[in-house]
Amino acid sequence: MKAIPIKVILYLSLCVIFTSVAIAADAEPEYWKFASSPPMGWNSWDCFGTTVTEQQIKDQADVMATILKPFGWTYLTVDIQWYEPNSRGHSYRRGAQLEMDEYSRLIPGLTKFPSSSDGRGFKPLADYVHSKGLKFGIHIMRGIAKQAVRENTAILGTDARAADIANTRSTCAWNPDMYGVDMSKPGAQEYYDSIFALYASWGVDFVKVDDIARPYDAVQLAEIEAIRKAIDKTGRPMVLSLSPGDTPIERGDHVMHHANMWRISDDFWDRWQPLYEMFGRLDKWTPYRANGAWPDADMLPFGIVEFNRPTRFTQDEQRLCMSLWSIARSPLILGADMTRLDEFTINLLTNPEVLAVNQASENNRQVSSENDLFVWAADVPGSDDKYVALFNAQSNSDPFDVSKTDYQSALMRGGDEQRVVDIEVPINNARRLVLVVSNGGDNYNYDHAAWIEPRVTGPKGTLKLNDLDWEVAYAGWGEVRKNRTADGRPLMLNGNPVEGIGTHAVSAIEFKLPEGYETFQSKGMMTEGSQGQGSIRFGLLIDPEKRVKPDRNEVTVSFDDVGISGNVHVRDLWKKEDIGVFSDMFSRELPLHGAGLYRLTPQP
């Protein structure tokens, strides 16, 4: 046999090495297996804010195990500030004393979680949840507690102490508890290793890390990588969820290769505008959707939320929301009080044919979006069948173009002092007036505002707008309220109660006016709920065009557009009914904010 030259051997060896490296680089991360289908579960934030207790978690677990678990609902997550013994509502107390161990790690507050005494942490509660056949999750803020830095407490596994690793320039804009961690410092990785080792010892299956996906700067990116390493080191299959949104699309490749799910919007509540905006968000993230890596459209605010409030979504809007989350394969995380589920909500959450779209479809994509009539489609694995969702996202709840105001105030930013602007605008006997509050564009969700003593004046005298009923009124969060803020507090100016209208950007409030009024006057104010943050502009639309859509509209899908042809059998998944056989296309007349979800089966 002729000897092979040594250069050839070296060349072939290098080819093998580089090929192996390329294959390894393209291989799916092991942790994608932790969430091979979108996680389905529940989170305490929407209903209980920062106040959820051990008994409430057990009560929720009991209901989930009985009603929802048979349909795949599995994860039960304790959201923010479980370590703050005296937390209240959906807000935070600056400087609150937190429960913490000797190694700078936050632990459950005893007043809320009594079984955590004697160093047991969440282990007893996790055991209870596991005994129901469910999985247990917790929310954490990125970084290290400011309290630990003040006290300069120890870090397990290193001589470094809390103050050595804290990045005091990296803080959360909306929560006062934490500093970021400087991952270039000795002891920083050991800190993250130690907290996730603690969570693993408690039996945690799901971790939602907050203040880390936006703006996704270099500090946050390094902490994401440290958290990934820490979870992997535990050997426990913990699903990693990142918040808040929206995660920058430029970080898509990085986030999908470090987390199992990540938020693509700010907190999602039961308002039409954020739901409408989710069409674009979910479509944009399609290239980064994979089995084990999921763009997260946030929680489902159905049923009873915010302690005792029924969802503002109509039944059509809830069905649309569930259809969109399903066809786009977003994680399904419920925000309702499960102990008070009604028949409609239970049916919404337990339709096996709808849930199959979320859990076991492929190639999910938006097909068309003409005139706010959307079509999405997905493939049925192992079949020529297709799933199709039809949406009528046209709306009369926001009939004005608020980007084209006739008056706009200077930008107002939150701060320590109360922010107020005087507004006086000629309206020239207008018969329709729309008060607008727009977001300043800084992506914070603290844009609380109020119109103080809004009125019109002219030959007919003075007319208080508080004495009129509005025609249309919406707010980006909370509710438009007379004489109260969007979050329900009395309207106050310089410590005194005042009349006015409280709201939250983006907001429009329409009034029809009688003849004889020539000037609008008011003060515009950022209210207490802004917590010194956020940014807004006040604006007016004077006699604007009001765009009115028909109550129903036909939404059509061409079979060619979804990769099938000829005669096709159609089944309505929500109704669990076979509709019939159609040729070339399929259409349905849907109400405003309505949706349908269907399975299409090509016929021989």
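One is the number of the first residue; the rest follow in order along the sequence. The basis for the numbers below is simple: all heavy atoms, side chains too, and nothing from hydrogens, waters or symmetry mates. Note that the coordinates shown come from a computational prediction; the quantities given were computed from them, not determined experimentally.
- A salt bridge links K132 with D62; the closest basic N to acidic carboxylate O contact falls under 4.0 Å.
- Salt-bridge annotation for E84 and K112: absent, with no side-chain N of the basic residue lying under 4.0 Å from a carboxylate O of the acidic one.
- The backbone N or O of T314 lies less than 3.5 Å from a partner atom in the side chain of E317, making a donor-acceptor pair.
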Evaluate the criterion side-chain hydrogen bond (donor to acceptor under 3.5 Å, both in side chains) for residue pair Q60 and Q56; output intermediate values, then yes/no.
CA-CA 6 Å; Q60 300 296 319; Q56 288 169 332; over 6 Å; no
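- Without hydrogens or angle criteria, W42 side chain to A336 main chain gives a donor-acceptor distance under 3.5 Å.
- N351 places none of its side-chain heavy atoms less than 4.5 Å from the side chain of M322.
- Counting only heavy atoms from C-beta outward, the side chains of T153 and Y103 never approach each other to under 4.5 Å.
- Taking the six-membered ring where tryptophan is involved, the planes of H90 and W269 are perpendicular, since the angle between them exceeds 60° and thus also 30°.
- By the 4.5 Å heavy-atom criterion applied to side chains, Y31 and V239 are not counted as neighbours.
- Using a 4.0 Å cut-off between charged side-chain N and carboxylate O, R263 and D296 make no salt bridge.
- With hydrogens and angles left out, the side-chain atoms of D385 and T601 include a donor and acceptor closer than 3.5 Å.
- Ion pairing between a basic and an acidic side chain is recognised when a charged N comes within 4.0 Å of a carboxylate O; D205 and K135 show no such pairing.
- Residues K146 and D177 are not paired through a salt bridge, judged by the lack of any N-O separation under 4.0 Å between the basic side chain and the carboxylate.
- One finds no salt bridge joining E225 and K229 here, because no Lys/Arg side-chain nitrogen approaches an Asp/Glu carboxylate oxygen to under 4.0 Å.
- No donor-acceptor contact under 3.5 angstrom links the side chains of N291 and E362, judged on distance only.
- Using a 4.0 Å cut-off between charged nitrogen and carboxylate oxygen, R312 and E479 count as a salt-bridge pair.
- Taking the six-membered ring for Trp and the full ring otherwise, W262 and H254 have centroids separated by 6.0 Å or more.
- Pairing each heavy atom of P248 with each of W285, the nearest pair is O-CH2, 3.6 Å.
- If you look at H448 and W477, their ring centroids are closer than 6.0 Å.
- Looking only at side-chain heavy atoms (C-beta outward), M278 and W325 come within less than 4.5 Å of each other.
- In summary, D270 and R309 engage in a salt bridge, as defined by a charged side-chain N under 4.0 Å from a carboxylate O.
- Side-chain N or O atoms of N347 include one that pairs as donor or acceptor with a backbone N or O of E343 at under 3.5 Å.
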Evaluation steps, side-chain hydrogen bond (donor to acceptor under 3.5 Å, both in side chains), between R214 and S243
CA-CA 7 Å; R214 186 189 75 204; S243 285; over 6 Å; no
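- A salt bridge links D487 with R489; the closest basic N to acidic carboxylate O contact falls under 4.0 Å.
- At least one donor-acceptor pair closer than 3.5 Å links the side chain of R571 to the backbone N or O of K576.
- Counted by atom type alone, R340 and N308 present one or more donor-acceptor pairs between their side chains at under 3.5 Å.
- Between F196 and Y199, the ring planes are perpendicular. Angles over 60° get that label, and only those under 30° would be called parallel.
- Ring to ring, F113 and F122 are close: their centroids are under 6.0 angstrom apart.
- Residues V380 and R599 form a side-chain contact, since some pair of their non-hydrogen atoms from C-beta on lies under 4.5 Å apart.
- Residues V149 and A166 approach most closely at CG2-CB, 3.5 Å, considering heavy atoms.
- Ring geometry, F48 versus F307: the interplanar angle exceeds 60°, so the pair is classed perpendicular (tilted spans 30 to 60°).
- Side-chain contact between V63 and T66: absent, with no pair of heavy atoms (C-beta onward) separated by less than 4.5 Å.
- The distance between the ring centers of Y387 and Y598 does not fall below 6.0 angstrom.
- Ionic pairing of R228 and D232 is present here: one or more N-O contacts between side-chain nitrogen and carboxylate oxygen are shorter than 4.0 angstrom.
- The closest side-chain heavy-atom distance from Y474 to W272 is not below 4.5 Å.
- By the 4.0 Å N-to-carboxylate-O rule, D379 lies close enough to K386 to be salt-bridged with it.
- Between D572 and R588, no side-chain nitrogen of the basic residue sits less than 4.0 Å from a carboxylate oxygen of the acidic one, so the salt-bridge criterion is not met.
- Shown here for F279 and A393, the closest heavy-atom pair between the two residues is CE1-CB, 3.9 Å.
- Within the 4.5 Å cutoff, side-chain heavy atoms of M141 are placed close to those of C172.
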